[in-house]
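All chains are named by letter (A, B, ...) in the order of the sequence lines, taking the proteins before the strands, and each is independently numbered beginning at 1. The figures that follow rest on heavy atoms only: side chains count, while hydrogens, waters and symmetry mates do not.
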Amino acid sequence: MKILYFAHFREKANIAEEDIDLPAGVEDVNSLLDWLEARGGGYTDAFADRNHIRVAVNQEHVEFDAALKDGDEVAFFPPMTGG
Amino acid sequence: MKILYFAHFREKANIAEEDIDLPAGVEDVNSLLDWLEARGGGYTDAFADRNHIRVAVNQEHVEFDAALKDGDEVAFFPPMTGG
Amino acid sequence: MTIRIQAEDFDAGAEIARISAVSTNVGGVCSFLGLVRDSGENSAITAMTLEHYPGMTEKQLAKIEAEARERWPLDDSLIIHRYGRFEPGEQIVLVVTASAHRKAAFEACEFLIDWLKTKAPFWKSEETPDGTTWVEAKAADNAAAEKWGE
Amino acid sequence: MTIRIQAEDFDAGAEIARISAVSTNVGGVCSFLGLVRDSGENSAITAMTLEHYPGMTEKQLAKIEAEARERWPLDDSLIIHRYGRFEPGEQIVLVVTASAHRKAAFEACEFLIDWLKTKAPFWKSEETPDGTTWVEAKAADNAAAEKWGE
């Protein structure tokens, strides 16, 4: 599974992109967020507050209950501010 | 008094612009319209139907009860279709 | 604030670029460019002629541009309106508004063009295969202008 | 229908001219040009950086442009959005819409930019004398996007 981090998530976790095997027990975005937060350090800092997290799976905006499977591309980012 | 005719008023009355002395009895746009209509020919044709006449006095859009005096510039035209 | 009533064509891109650069407070530039279409309500249009009332036109446009500046925080605005005879595809009118915020730029631009359509002393006639006719005022244009109040 | 996500600058006038000429059915071309301002909510801005999500951006913009074409009778439309670091006065985004009628052109253009502001995966950070900060999403932008429904 590929995970992408944008804007302040990239800065806090200090990583732009990583490939991981789907961790045991991770079935949806919620459980992936729990797993990331439990990693400690910048990850915990980035993912402790779930209020302003937006997520896309395979480049489509989804809610936290969206199912995940190995091979998915998951991206975390704050609310968009383009234009 | 200067009178200007635009669009189909110019075509029907067959005149773009004329200078006249304020006719006796003409006090406002209404009475000027009566006077023009009574001239006959193209004027009568142009001014018999008052529904689609718009008028400006001294380049300001006014209603038919607007007072007139010698020296005014009066213009007759249909509803605007610019843009 | 610029108002130009002219027979000559204009360079819309150059005008937009000029207005974009008036101040680094400008965050959004909205523009509307009106062109001659080749199809009218009922038939094909081969040409269009725009007649206006010199003197009154400039006066009315200056007034409405002042009103737009009062209603919206604009850094700059421009109205160019041509008169004469045009063929399909030719440029007739350009309205450009610049503001710190996009909503003001959009609203002021639409206000100006809605107003131009119904209250500036211009009259259009269309040439079609059936002859030349004066364009009648459209109820939809009046409704668009009226939504801005007086 | 064109969508371009690029670092390079663009020529807004040339794009508007191109879209004006796609068909003699086009009666109105509405455009919105977004620029970097030198003043933010609280302090002076010396530069702005736009980051995006390559791949998702193009996908999302294609989707919203298709929706605009379904909702309004457009002859053509264009979205150009830049990414990278910019200074005040620089061009960031251009939206152009062309239609037979001006109301459709205005509404579709405003719809596209409202949507871009809140749903396309772009993130802005601003450099000010106090440091660099991520721009927070604005409630007004969300309200503007929501008025178009889903």
Side-chain angles (χ1 to χ4, degrees), chain A residues 1-20 22 28-29 32-33 36-37 41-83, chain D residues 5 32-37 40-41 48-64 79-83 86 91-95 109-126 131-142 144-145 150:
Chain A
M1 161 181 286
K2 191 185 203 178
I3 309 183
L4 305 175
Y5 304 88
F6 290 100
H8 72 77
F9 293 98
R10 187 190 63 246
E11 291 182 342
K12 285 190 176 176
N14 200 25
I15 188 168
E17 185 176 332
E18 61 183 325
D19 279 296
I20 61 165
L22 190 69
D28 59 13
V29 174
L32 178 61
L33 282 165
L36 287 166
E37 188 186 344
Y43 288 96
T44 302
D45 191 24
F47 293 104
D49 175 7
R50 308 266 164 106
N51 280 327
H52 296 288
I53 301 176
R54 299 290 181 273
V55 61
V57 174
N58 300 325
Q59 306 187 350
E60 295 289 346
H61 200 146
V62 297
E63 302 298 322
F64 289 179
D65 59 2
L68 295 179
K69 59 182 190 312
D70 217 4
D72 281 342
E73 176 176 306
V74 184
F76 293 103
F77 43 80
M80 284 88 153
T81 56
Chain D
I5 313 298
F32 179 82
L33 173 63
L35 305 151
V36 179
R37 295 177 61 209
E41 301 298 304
M48 168 173 286
T49 298
L50 262 152
E51 171 178 339
H52 79 120
Y53 181 175
M56 181 171 173
T57 313
E58 288 80 355
K59 227 163 138 173
Q60 293 297 308
L61 292 187
K63 202 187 280 184
I64 198 64
I79 299 172
I80 301 179
H81 202 305
R82 296 174 71 193
Y83 58 85
F86 309 110
Q91 304 186 131
I92 305 174
V93 61
L94 177 69
V95 176
C109 190
E110 200 171 4
F111 167 79
L112 289 170
I113 186 73
D114 282 349
W115 193 90
L116 267 175
K117 289 260 173 191
T118 57
K119 296 188 187 165
F122 285 98
W123 302 278
K124 277 180 189 143
S125 62
E126 291 173 345
T132 299
T133 50
W134 291 101
V135 174
E136 291 198 20
K138 290 193 188 74
D141 285 336
N142 289 322
E150 266 314 302

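Chosen from D/D141, D/V135, D/V95, the residue pairing most often with chain A at heavy-atom distances under 4.5 Å is D/V135. Among the candidates D/W115, D/F32, D/F122, the residue making the largest number of heavy-atom pairs closer than 4.5 Å to chain A is D/F122. Per-residue counts of heavy-atom pairs under 4.5 Å with chain D were compared for A/R10, A/E60, A/M80; the largest is that of A/M80.
Ring geometry for A/F6 against D/W123 counts as parallel: the plane angle stays under 30°, on a 0 to 90° scale with 60° as the upper cut.
Of the atoms belonging to D/K117, heavy atoms from both backbone and side chain fall under 4.5 Å from chain A. Only the side chain of D/Q60 comes within contact range of chain A, with heavy atoms under 4.5 Å apart.
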Is there a side-chain contact (heavy atoms from CB on, under 4.5 Å) between D/Y53 and A/L4? Walk through the geometry before answering. CA-CA 9 Å; D/Y53 181 175; A/L4 305 175; 3.2 Å; yes
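Taking each heavy atom of D/K124 and A/T81 in turn, the nearest pair found is N-OG1, 2.9 Å.
Summarising the local packing, CD of A/E18 is surrounded by more than 12 heavy atoms from other residues, nucleotides or ligands at distances under 6.0 Å.
A distance-only check finds no donor-acceptor pair linking the side chain of A/H8 to the backbone of D/W134 [under 3.5 Å].
Once rounded to the nearest 0.5 Å, the distance linking CD of D/E58 with CD of A/Q59 reads 8.5 Å. Interatomic distance, A/H61 NE2 to D/M56 CE, rounded to the nearest 0.5 Å: 6.5 Å.
In this structure, the side chains of A/F77 and D/H52 stay at 4.5 Å or more apart for every pair of heavy atoms.
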